Amino acid sequence: ALFAAIAALLADKTGRPVKARADRDDDMVMTGKRHDFVTDYSVGFDGKGRIQGIEFEMLTRCGMSADLSGAICDRAMFHSDNAYYLPDVTITSHRCKTNTVSNTAFRGFGGPQGMMGIEEVLDEIARHLGLDPLEVRAVNLYGSAKSGRNVTPYHMEVTDNIAPEIITSLARSAKYGKRRKAIDAFNASSPMLKKGLALTPVKFGISFTTSHLNQAGALVHVYTDGSVHLNHGGTEMGQGLYIKVAQIVAEEFQIDVGRVKITAANTGKVPNTSATAASSGTDLNGAAALKAARTIRKRMVDFLTGHWDVKKKDIDFRGGKVRAGRKSMSFAEVAKAAYLARVQLSATGFYATPKIHYDREAARGRPFLYFAYGAAVSEVVIDTLTGEYKVLRVDILHDCGRSINPAIDMGQIEGGFIQGMGWLTMEELWWDEEGHFRTHAPSTYKIPVASDVPEDFRVEILESGRNREDAVHRSKAVGEPPLMLAMSVYFAIKDAIAAAGEHRVSPRLDAPATPERVLFAVEDVQARAEMREAAE
């Protein structure tokens, strides 16, 4: 918006087209960052670590203007439960206006910040009780409707809960228990290097929390040579949206996806487009494109019933051909014959997400159509003398429903995890005492590179996944949820730091867990552990 306003002002004054192109350093100084949070909490729990009541107070740096801070902070509140049932909960969000750049939207849109709060709480409960954090996480998971433990803080029933299934399956395949014992043995015999292990789940709500954005349109043309033109309101930014929607259309017509020509979003063809965000690009635009394709296919079927004198139920689209008994034509031949019979081979499709509603004043409703689930196990090793660390192994099991394109979804899972790992471990924003932003270039702002990818990186898509809601081909969104899988890296680092103090005290660690912060945390843990031992 900042650069658009500058360009618009100059274009208005000069009457000429204007392009504003910022230097990378200026761009990083001037533009918004992911909202930083400070979360305070007070929690009560029983001897097994099951939460009985909790209060969250979130303070968010929004910057000098509102931008998207309201919706981002709302989503952080929606995700303060992550995958856990909180029977008695109060969540307060303070949106702080500050004399800094206006912070804005990033992958996860507040969800990651909300989830980090509850995961920290559960980790602290486990260390207070001397239990494995996975045990505490397991006893706090949402349950069935029969158990009464399936209602969110915003009064939405969780009816598609597969978090227990995913966690149990992943813990078994990753040999969590066996590795926990091996790590304890390693730490007992290694004075300088310490290992840590953590398993964390993800439950991420899919839909825009601003209800009117949950709509999309599409335009589909079928030509007489059997080729198809597809346009919809989604933006391709490397995430594979265009090919997924093209696959949906090709599947409906039973033609090769190469026969579908995709053109970029254009409000001259599909008006009033919603943002490609909230992980809903395929859900919304795919559903709209499917409706348009089905309209055309129905017209073709209606034409063929008279042309071939057959019943609708006997007409089958398959393998680039259309058949009815012994009668058969290629899809292209059907398209041409329909055209000659003056059948319309162009259609629009519109989709609006069903069932969602939310009363913001009452803080009640169903802001999400469904939830995407996943879990990750991360193992790290830290050097207690320097604070340096390495991610040794990562195991991921993620729910994509019935994946439309497993290759693309796998890429989103892997990429999202690495991006989240960067957010929680190395991407540090730093201002000097005079308020100047200093980490404004690749030389000072560190992002993950190829060498940061774990050497042992095991990623699986849940084979039994199937969306219970009527999403496109029972698929699930996969854009944002995988980023939160990287919480397992942060808590594995924290686990390793705790081992430096023989698990006598819980580490104090803020994100990002840079080597500097890890070293300070190790020194603090060791000092407090010595004090506790002396007091005992």
Side-chain angles (χ1 to χ4, degrees), residues 107-108 160 162-163 165-170 172-174 201-204 206 230 232 234-260 262 276 278-287 289-290 293 318-320 369-378 393-421 450 453-454 456-486 488:
R107 193 176 192 170
D160 60 357
I162 58 172
E165 173 192 339
I166 287 179
I167 289 173
T168 301
S169 179
L170 180 61
R172 186 188 308 116
S173 64
V202 167
K203 176 182 76 57
F204 191 80
I206 305 299
L230 167 64
H232 56 78
T235 299
E236 176 62 56
M237 56 190 96
Q239 83 279 37
L241 172 64
Y242 279 10
I243 191 65
K244 274 191 170 184
V245 180
Q247 282 180 252
I248 291 166
V249 171
E251 177 73 13
E252 185 63 21
F253 290 131
Q254 282 293 298
I255 59 176
D256 188 271
V257 72
R259 300 292 290 161
V260 181
I262 314 157
T276 304
S279 303
S280 61
T282 301
D283 283 5
L284 295 176
N285 297 286
L290 181 60
R318 192 173 303 278
L369 179 60
Y370 64 87
F371 296 99
Y373 295 86
V377 177
S378 292
R393 174 178 166 181
V394 172
D395 297 72
I396 292 173
L397 181 60
H398 196 76
D399 166 37
C400 298
R402 281 182 58 190
S403 176
I404 292 172
N405 189 316
I408 285 176
D409 288 349
M410 185 68 77
Q412 286 291 297
I413 296 166
E414 293 173 344
F417 176 86
I418 297 301
Q419 186 179 17
M421 187 176 75
V453 176
D456 194 347
F457 196 20
R458 311 182 189 195
V459 183
E460 290 186 23
I461 295 173
L462 184 68
E463 289 186 6
S464 61
R466 181 178 175 84
N467 198 335
R468 296 182 189 176
E469 295 297 336
D470 192 21
V472 179
H473 297 307
R474 301 292 181 180
S475 64
K476 282 192 175 184
V478 72
E480 291 166 300
L483 183 132
M484 280 71 83
L485 295 168
S488 59

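None of the values given here were measured: they were computed from a predicted structure. This chain uses plain numbering: 1 for the first residue, then up along the sequence.
Smallest separation of non-hydrogen atoms from Asn467 and Ala471: ND2-CB, 3.5 Å. The shortest non-hydrogen separation linking Val245 to Ala289 is CG1-CB, 3.6 Å. Pairing each heavy atom of Asp283 with each of Ser475, the nearest pair is OD1-OG, 4.5 Å. For the residue pair Leu485 and Ala376, the shortest heavy atom distance occurs at O-CB, 3.5 Å. Gly374 approaches His398 most closely through the heavy-atom pair CA-ND1, 3.6 Å. The minimum heavy-atom distance linking Pro406 with Ile461 is given by the pair O-CD1, 3.8 Å.
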Point to revise | Verdict with reasoning, Ile206 to Leu369, per side-chain contact (heavy atoms from CB on, under 4.5 Å) | key: CA-CA 6 Å; Ile206 305 299; Leu369 179 60; 6.0 Å; no
Exercise for review: Verify side-chain contact (heavy atoms from CB on, under 4.5 Å) between Glu251 and Ile404, making sure each step is shown before the conclusion.
Suggested key: CA-CA 10 Å; Glu251 177 73 13; Ile404 292 172; over 6 Å; no
Exercise for review: Check the pair Glu469 / Asp160 against side-chain contact (heavy atoms from CB on, under 4.5 Å), numbers first and verdict last.
Suggested key: CA-CA 9 Å; Glu469 295 297 336; Asp160 60 357; 5.9 Å; no
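Rounded to the nearest 0.5 Å, atoms OG1 (Thr282) and CD1 (Ile243) are 11.0 Å apart. Within the model, atoms CZ of Arg393 and CZ of Arg458 stand 3.5 Å from one another, a figure rounded to the nearest 0.5 Å. Here Ile162 contributes atom CD1 and Ile167 contributes atom CD1; the two are 10.5 Å apart, rounded to the nearest 0.5 Å. Residue Glu236 holds its CD atom at 8.0 Å from CD1 of Ile262, rounded to the nearest 0.5 Å. Rounded to the nearest 0.5 Å, atoms CD1 (Ile408) and CD1 (Ile413) are 12.0 Å apart. Interatomic distance, CD of Glu460 versus OG of Ser173, reported as 6.0 Å (0.5 Å rounding).
Side-chain contact annotation: Glu165 with Ser464, donor-acceptor N/O pair under 3.5 Å present.
Side chain of Glu480 to backbone of Ser279: a donor-acceptor contact under 3.5 angstrom is found. When atom types are taken as modelled, the side chain of Asp395 and the backbone of Leu170 share no donor-acceptor pair closer than 3.5 angstrom.
For the salt bridge (Lys or Arg N to Asp or Glu O under 4.0 Å) condition, the pairs that include at least one residue of residues 399-412, sequence neighbours left out, are Lys244-Asp409, Asp399-Lys476.
For Val453, the side chain to side chain contact (heavy atoms under 4.5 Å, CB included) partners are Ile418, Phe457, not counting sequence neighbours. For Tyr242, the ring-ring contact (aromatic ring centres under 6.0 Å, His included) criterion is met by His232, not counting sequence neighbours. When the side chain to side chain contact (heavy atoms under 4.5 Å, CB included) test is applied to Ala287, the partners found at least two apart in sequence or on another chain are Tyr351, Val472. The ring-ring contact (aromatic ring centres under 6.0 Å, His included) test applied to Tyr373 returns no partner, not counting sequence neighbours. Under the rule for a side chain to side chain contact (heavy atoms under 4.5 Å, CB included), the partners of Gln419 that lie at least two apart in sequence or sit in another chain are Arg107, Leu483.
Contact annotation: the side chain of Ile255 approaches that of Val260 to within less than 4.5 Å [non-hydrogen atoms, C-beta and beyond]. Proximity of Ser169 to Leu462: side-chain heavy atoms (C-beta onward) are nowhere separated by under 4.5 Å.
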